[in-house]
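For the numbers below, each heavy atom of this structure counts, side chains included, while hydrogens, waters and symmetry mates do not.
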Amino acid sequence: MALVNRLPSSSSSSSSSSSVASSPRLRRSSSRARPGIRSLHFTPSTPPSSSSPFTEKHSPERYRRDRWLYSGSPCQPPLPSSSGSGSAPSAAAAADDLDSLRRDDIALQLPELKNLLRVLKDKRERACGGGQCGPGNVYLVGTGPGDPELLTLKAVRVIKGADLLLYDRLVSNDVLELVGPDARLLYVGKTAGYHSRTQEEIHELLLNFAEAGATVVRLKGGDPLVFGRGGEEMDFLQQQGIQVQVIPGITAASGIAAELGVPLTHRGVANSVRFLTGHSRKGGTDPLFVAENAADPDSTLVVYMGLSTLPSLAQKLMHHGLPPSTPAAAVERGTTPQQRVVFAELKDLADKISAENLVSPTLIIIGKVVALSPFYSHSFEDASKLVEAK
């Protein structure tokens, strides 16, 4: 196993490292042993930036960028209430704090949302000269796994022309820099245990602003119709008479696999690929029930949102016949400068992820095709050499 980090293309090369603890970074050399294979080197470096390329739920940077005005607290997010004691808050108290935080956030934004709605309605009425106007345009836009250069040209055009953009946590900050100067951004992201807006509230926001004649863009990481609940939003709006255009994005499976040089299918190695989710809705079917049918050594498995359930999933896959030695990879914050990658055999993957403290968003790829990555065998060889040198 080895942990490798992604470097920007402008990074300079340096000599090889002699210590695993030096936060090894990935460098692709210009010399190649054979066509299509890029060599991997471990080089000494400072640890990668801990700052996320994505929006965290209550960061000052988010409030500055989104430009909502908070009287008495400029550019500052609302803060959860204090527990009033030095002890750690109970789970119930923590949940109450998060719910209070969400309500405060919405209450602070509500006056401006109403004002923006009035402005857009007035603008539409003037444009129509008092006549009957139809609703505005709604776009569901996939922004890919994080790298803004993976956006489609159509996505960039729509993002720049929007009046209001509702965006998720996994839309990278670099993508949000493309938003036009007169547009407003509204964060509607979700994390485990915290939803800044419920799905029903998101539906109503999309509907209200579309009815006001606005050009509304719903930004989603990856592809909006792959584990993005884009189908639910599209269905709701269409039932209300609002037409929705979907602009596909590069789903994380494709973008991140390409970054690693992993072909999701390969003749003679993997004849199919299967996308799994590690989470299900409350009260829904256990997402791991598919393990019996998914334990196919000739298929590639890609697991979204699977960090917490991977230990159970790996055990079930092996129980149903997938070899413990099956190559696997876990990729945190894929395609961004903060990308980190762990390669391991399936039986060791959960432990290696825990040891390297990977965090969400992390994509997991399981299958023999992982060994085709030019970084896979080198990562094991170089890690082994570093351990022997100690």
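How far CG of L140 is from CG of L219: 10.0 Å, rounded to the nearest 0.5 Å. Going from atom CG of L349 over to atom OG of S354 covers 11.0 Å, rounded to the nearest 0.5 Å. The line from CD of Q243 to CE of M234 is 10.5 Å long, rounded to the nearest 0.5 Å. For the atom pair L207 CG and H203 NE2, the distance stands at 10.5 Å (nearest 0.5 Å). Considering CG of L185 and CG of L166, their distance stands at 9.0 Å, rounded to 0.5 Å. Here CD of Q339 is found 6.5 Å from OG1 of T336. Values are rounded to the nearest 0.5 Å.
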Open item on the list: Could you walk me through whether E345 and K352 satisfy the salt bridge (Lys or Arg N to Asp or Glu O under 4.0 Å) test, starting with their C-alpha distance in whole Å, then the side-chain angles of each, then the deciding distance to 0.1 Å, before giving a yes or no?
Closed with: CA-CA 10 Å; E345 294 179 344; K352 301 305 182 184; over 6 Å; no
Task: From CA spacing to verdict: side-chain contact (heavy atoms from CB on, under 4.5 Å), D168, V188 - done: CA-CA 6 Å; D168 285 343; V188 293; 3.8 Å; yes
Task: Residues Q199, E233; criterion side chain to side chain donor-acceptor pair (under 3.5 Å); working and verdict - done: CA-CA 8 Å; Q199 193 61 43; E233 294 169 4; 2.8 Å; yes
Open item on the list: Assess the residue pair V171 and L176 against the criterion (side-chain contact (heavy atoms from CB on, under 4.5 Å)); give the C-alpha distance rounded to whole Å, side-chain angles, the decisive distance to 0.1 Å, and a yes or no.
Closed with: CA-CA 7 Å; V171 176; L176 294 174; 3.9 Å; yes
Task: H266/L372 under side-chain contact (heavy atoms from CB on, under 4.5 Å): CA gap, chis, key distance, verdict - done: CA-CA 9 Å; H266 192 84; L372 298 177; 3.6 Å; yes
Open item on the list: Please evaluate residues E332 and V342 with respect to the criterion side-chain contact (heavy atoms from CB on, under 4.5 Å), reporting the C-alpha separation (whole Å), side-chain torsions for both, the decisive distance (0.1 Å), and the verdict.
Closed with: CA-CA 9 Å; E332 175 195 293; V342 165; over 6 Å; no
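T326 places a side-chain N or O within donor-acceptor distance of the main-chain N or O of P323, the cut-off being under 3.5 Å. Between the side chain of D223 and the backbone N or O of G249, at least one donor-acceptor pair lies under 3.5 Å. Checked by atom type and distance alone, the side chain of E201 pairs as donor or acceptor with a backbone atom of T198 at under 3.5 Å. Judged by distance alone, with hydrogens and angles left aside, the side-chain atoms of T300 form a donor-acceptor pair with the main-chain N or O of L264 at under 3.5 Å. Side-chain atoms of T251 do not come within 3.5 Å of backbone N or O of S254 as any donor-acceptor pair. At least one donor-acceptor pair closer than 3.5 Å links the side chain of T143 to the backbone N or O of K220. A donor-acceptor pair is defined here as one N or O able to donate and one able to accept, closer than 3.5 Å; no such pair exists between the side chain of D235 and the backbone of G231. Side chain of Y304 to main chain of A253: a donor-acceptor pair is present (N/O by atom type, distance under 3.5 Å, no hydrogens or angles). Proximity of a side-chain donor or acceptor of S172 to a complementary backbone N or O of G146 within less than 3.5 Å is detected.
Taking the six-membered ring for Trp and the full ring otherwise, F375 and F343 have centroids separated by 6.0 Å or more. Annotation: Y187 is in aromatic contact with Y167 [ring centroid separation under 6.0 Å].
Between L310 and the options I353, T362, V303, a side chain to side chain contact (heavy atoms under 4.5 Å, CB included) holds for only I353.
No side-chain donor-acceptor contact under 3.5 Å links N173 and E177. Side-chain contact of Q240 with E211: a donor-acceptor pair under 3.5 Å is absent, judged by distance alone. R169 and S360 form a side-chain donor-acceptor contact under 3.5 Å, judged by distance and modelled atom types alone.
Residues satisfying the salt bridge (charged side-chain N to carboxylate O under 4.0 Å, His left out) criterion with E232, sequence neighbours excluded, are R229. Partners of Y139 according to the ring pair (Phe, Tyr, Trp, His ring centres under 6.0 Å) rule, which considers only residues two or more places apart in sequence or in another chain, do not exist here. Partners of K123 under the salt bridge (charged side-chain N to carboxylate O under 4.0 Å, His left out) rule, at least two apart in sequence or in another chain, are D163. Residues that satisfy the side-chain contact (heavy atoms from CB on, under 4.5 Å) test with D298, not counting sequence neighbours, are N271, D296, K368.
Put simply, V331 and V359 are part of two different groups of oily side chains (I, L, V, M, F, W, Y) that touch within less than 4.5 Å, one to the next.
Between L307 and P311, the shortest heavy-atom distance links the atoms O-CD, 3.9 Å. G261 and P374 make their closest contact through O-CD, 3.8 Å (heavy atoms, listed as atom of the first residue, atom of the second, distance). Looking at every heavy atom in both residues, L225 comes nearest to G230 through CD2-C, 3.8 Å. Taking every heavy atom of both residues into account, A295 and L317 meet most closely at CB-O, 3.6 Å. S299 and S272 get closest at one heavy-atom pair: OG-OG, 3.0 Å. Here the closest heavy-atom approach between residue T277 and residue M305 is recorded as OG1-CE, 3.3 Å.
Between I159 and V175 there is a side-chain heavy-atom pair separated by less than 4.5 Å. Residues L346 and M318 form a side-chain contact, since some pair of their non-hydrogen atoms from C-beta on lies under 4.5 Å apart. Proximity of R218 to V141: side-chain heavy atoms (C-beta onward) are nowhere separated by under 4.5 Å. Between L237 and L206, some side-chain heavy-atom pair lies under the 4.5 Å cut-off. By the 4.5 Å heavy-atom criterion applied to side chains, L322 and I366 are counted as neighbours. Side chains of R333 and R340 form no contact here, defined as non-hydrogen atoms less than 4.5 Å apart. Within the 4.5 Å cutoff, the side chain of T335 has heavy atoms near those of the I256 side chain. Between V302 and L276, the closest side-chain pair of non-hydrogen atoms is not below 4.5 Å.
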Output side-chain donor-acceptor pairs under 3.5 Å for residues 113-122, partner residues at least two apart or in another chain, one line each.
{"unit_1": "N115", "atom_1": "OD1", "unit_2": "R118", "atom_2": "NH2", "d": "3.4"}

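Around atom NE2 of H320, more than 12 heavy atoms belonging to other residues, nucleotides or ligands sit under 6.0 Å away.
Summarising the hydrophobic clusters (Ile, Leu, Val, Met, Phe, Trp, Tyr; side-chain heavy atoms under 4.5 Å, direct or chained), the residues clustered with I250 are L150.
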